[in-house]
Amino acid sequence: MDMNIETPEDQNEENSRRVQVRFKTKLKPPQKVPSNSIAIPSNLTRFGLSSVVNNLLQAVNPEWKSEPFDFLINGELVRMSLEQFLLAKGISAEKVLEIEYIKAVAPQKEEEPSLHDDWVSAVDGSNPGVWKAGGVCTHILEGHCGAVSSVNIIKSDGLKYVTVATASKDQTLRLWKFDAEELVNHPKKIRSFKILRGHKASVHSIAAETSGNMVCSGSWDCTISLWRTNDSDAAGNQVSIKKRKGNNQVEEPQLEGEAISTLVGHTQCVSSVVWPQQETIYSASWDHSVRTWDVEMGKDLSDIFCGKALNCIDIGGEGSALIAAGGSDPILRIWDPRKPGTSAPVFQFSSHNSWISACKWHNKSWFHLISASYDGKVMLWDLRTAWPLSVIDSHKDKVLCADWWRGDSVISGGVDSKLCVSSGVSIQ
């Protein structure tokens, strides 16, 4: 059965051409519309299409409450009118057009920001239980004598005990352990159980191996060092040190660790490292390169040069194989190393207005990632369109870090000393 649908957009253009479409979706009832084809105006944009789908859903279920949708034609998100899209893609409007609809990806709520005393330069949202209500600080990890440049949750015992690694401009890494579920009336200060020394300049980035038994670090000394994270001093490269408190009391011993190996090849600051597979480390550098390292051999397997100093890197997307990186221009670049000629990005997103400081793939999606920039914005991206799905404008100054949290929230920190949380992001 064919139907004609009138929407507010076509009331202004009575002579608008109409096209036959059939809506389909992978969403479950009650979010499924009837499968019959309908005639709609060709001048509809995604907002008009969303209105059509919501009207169809309300016709089936009068209690349905409208929500925003996005639309795919041949696997590409529609970001112009239907007529413009069909013309740009060379798609005939004479046949019934199949349009897939999905939930729109955009934050639904801005949570109360958590205020800090200084810049928020690093954030890790991989453990859903570490943070509590907005503005509530439960633990302070105290010990570095320089700015903390990177943080990584390396082990979690359920949602309770958490081991964290930090990197600092004081040229050291520190390992910390605390009870994330501990009830405290005021922030509890935690001392590191292990200090890792060996870099000859500021440590800029840190990443944990998948088991959490090792971490790697990138430094201004142009090297990547690998370290063990165990909390015993059985290994020969560790020594136990003690610090004295007042009244001649002795604190718990701290361990010191040395790097077990060092990866050499970059010629400028190693600004970002990730360790997604046990045998492979990826790094980005101010020397304009992305490098892939064989951990066991300690060798550089491949290089990608992009002509810009790089600040961040992450691995994800299809097959957890795509490399996203950003740096000293407004362009977020994505490479697929499985394809020949990988020096050319397979995607480039250029909606930011300044340097890109962070990028992060969603761990449950082949298509979605976020980027943060010195322009003060965090952007949500989908590989199926060149335009950002959403622009988060919570910060009043440069954004220095960003990550996903709990699968449906984006967290970010910046020069304005705020940790911001944007929640309600629906990723399918």
Side-chain angles (χ1 to χ4, degrees), residues 5 7 9-10 16-27 31-33 35 37-54 56 67-107 314 316-324 326 330-336 338-339 341-342 344-352 359-362 364-371 379-391 425-428:
I5 299 290
T7 71
E9 289 187 33
D10 67 297
S16 176
R17 181 182 178 189
R18 304 182 85 82
V19 294
Q20 289 285 329
V21 304
R22 179 179 293 111
F23 290 105
K24 63 179 183 178
T25 188
K26 296 175 184 175
L27 299 173
Q31 296 173 306
K32 278 184 176 289
V33 301
S35 60
S37 64
I38 61 175
I40 61 174
S42 63
N43 67 325
L44 293 185
T45 64
R46 64 189 177 105
F47 302 107
L49 292 171
S50 192
S51 178
V52 170
V53 169
N54 276 296
L56 292 171
E67 62 177 76
F69 292 101
D70 260 320
F71 299 86
L72 293 156
I73 298 176
N74 292 344
E76 187 171 344
L77 282 166
V78 176
R79 283 296 181 268
M80 54 190 78
S81 72
L82 270 182
E83 189 168 31
Q84 292 171 325
F85 186 91
L86 297 180
L87 183 63
K89 304 300 177 181
I91 300 173
S92 172
E94 301 303 318
K95 298 179 180 180
V96 176
L97 184 65
E98 286 203 337
I99 303 178
E100 180 181 357
Y101 63 95
I102 58 177
K103 286 186 176 182
V105 175
D314 197 33
E318 181 185 355
S320 297
L322 302 185
I323 301 172
I331 301 174
L332 177 65
R333 295 173 173 85
I334 299 173
W335 293 269
D336 187 344
R338 301 167 299 182
K339 295 185 177 181
T342 53
V346 291
F347 298 98
Q348 296 189 87
F349 299 115
S350 54
S351 293
H352 282 295
C359 59
K360 193 74 174 182
W361 289 95
H362 193 281
K364 297 286 180 62
S365 172
W366 282 8
F367 306 108
H368 297 95
L369 70 164
I370 54 174
S371 61
M379 295 190 180
L380 276 66
W381 301 97
D382 187 312
L383 299 187
R384 295 167 293 187
T385 180
W387 291 273
L389 298 180
S390 179
V391 178
V425 183
S426 176
I427 300 290
Q428 299 171 47

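Predicted, not measured: the structure shown is a model, and the values here were computed from it.
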Requested in this report: Step by step, work out the side chain to side chain contact (heavy atoms under 4.5 Å, CB included) result for Val33 and Val52.
Outcome: CA-CA 10 Å; Val33 301; Val52 170; over 6 Å; no
Requested in this report: Without swapping roles, check the side chain of Asp314 against the backbone of Trp361 for a donor-acceptor pair under 3.5 Å.
Outcome: yes
**Report entry** Side-chain touch Phe23/Leu49, heavy atoms, less than 4.5 angstrom
**Finding:** yes
**Report entry** 4.5 Å side-chain heavy-atom contact, Phe367 and Ile427
**Finding:** no
Query - Close side-chain approach of Asn43 to Gln84, heavy-atom, < 4.5 Å - result: no
Query raised in the report: Would a distance-only check, ignoring hydrogens and angles, find a side-chain to backbone donor-acceptor pair under 3.5 Å from Ser50 to Phe69?
Result: yes
Query raised in the report: Between Arg333 and Pro345, is there a donor-acceptor pair closer than 3.5 Å when you use the side chain of the first and the backbone of the second?
Result: no
Requested in this report: Kindly give the heavy-atom pair with the smallest separation between Leu380 and Pro107, and that separation in Å.
Outcome: CD2-CD, 4.4 Å
Query raised in the report: If you take all heavy atoms of Gly319 and Arg338, which pair is closest and at what distance?
Result: CA-NH1, 4.5 Å
Query raised in the report: OG of Ser390 to CD1 of Ile370: how many Å apart, nearest 0.5 Å?
Result: 11.0 Å
Query raised in the report: Is a side-chain donor-acceptor pair under 3.5 Å present for His368 with Ser365?
Result: yes
Query raised in the report: How long is the gap from CZ on Arg22 to OG on Ser37, to the nearest 0.5 Å?
Result: 5.5 Å
Query raised in the report: What closest approach, in Å, do Met80 and Val78 show between heavy atoms, and which atom pair accounts for it?
Result: O-CG1, 3.2 Å
Query raised in the report: Side chain of Tyr101, backbone of Lys26: donor and acceptor closer than 3.5 Å?
Result: no
**Report entry** Trp381: partners by ring-ring contact (aromatic ring centres under 6.0 Å, His included), with sequence neighbours left out
**Finding:** Phe349
Query raised in the report: Hey, what do you get for NZ (Lys360) to OG (Ser371), rounding to the nearest 0.5 Å?
Result: 14.0 Å
Query raised in the report: Is there a donor-acceptor contact under 3.5 Å from the side chain of Ser42 to the main chain of Arg17?
Result: yes
Report task. Would you mind reporting whether Leu383 and Leu369 have side-chain heavy atoms less than 4.5 Å apart? Result -> yes
Query raised in the report: Do Lys103 and Gln31 come close enough that some side-chain heavy atom pair is under 4.5 Å?
Result: yes
Query - Test item: Lys339 and Val346 side chains (from C-beta on) under 4.5 Å apart, heavy atoms - result: yes
Query raised in the report: Between Glu76 (side chain) and Ile73 (backbone), is there a donor-acceptor pair under 3.5 Å?
Result: no
Query raised in the report: Would you say Leu332 and His352 make side-chain contact, with heavy atoms under 4.5 Å?
Result: no
Query raised in the report: Between Ser351 and Pro388, what is the shortest heavy-atom contact and its length?
Result: OG-CD, 3.3 Å
Query raised in the report: Looking at Arg384, Arg79, Met379, which one forms a side chain to side chain contact (heavy atoms under 4.5 Å, CB included) with Leu389?
Result: Arg79
Report summary line: Distance col, row Ile323:CD1 vs Asp336:CG, nearest 0.5 angstrom, shows 8.5 Å
Report task. Look only at the side chain of Lys32 and the backbone of Thr25, and say whether a donor-acceptor pair between them is shorter than 3.5 Å. Result -> yes
Query raised in the report: How long is the gap from CD1 on Ile99 to CG on Leu72, to the nearest 0.5 Å?
Result: 10.0 Å
Query raised in the report: Does the side chain to side chain contact (heavy atoms under 4.5 Å, CB included) test come out yes or no for Asp382 and Trp387, once each step is laid out?
Result: CA-CA 8 Å; Asp382 187 312; Trp387 291 273; over 6 Å; no
Report task. Apply the side chain to side chain contact (heavy atoms under 4.5 Å, CB included) test between Phe71 and each candidate in Val21, Leu77, Leu82, Val53; give the one that qualifies. Result -> Val53
Query raised in the report: Do Val105 and Asp70 come within less than 4.5 Å of each other through their side chains, counting heavy atoms only?
Result: no
Query raised in the report: Measuring from Ser35:OG to Glu98:CD, what's the distance to the nearest 0.5 Å?
Result: 10.0 Å
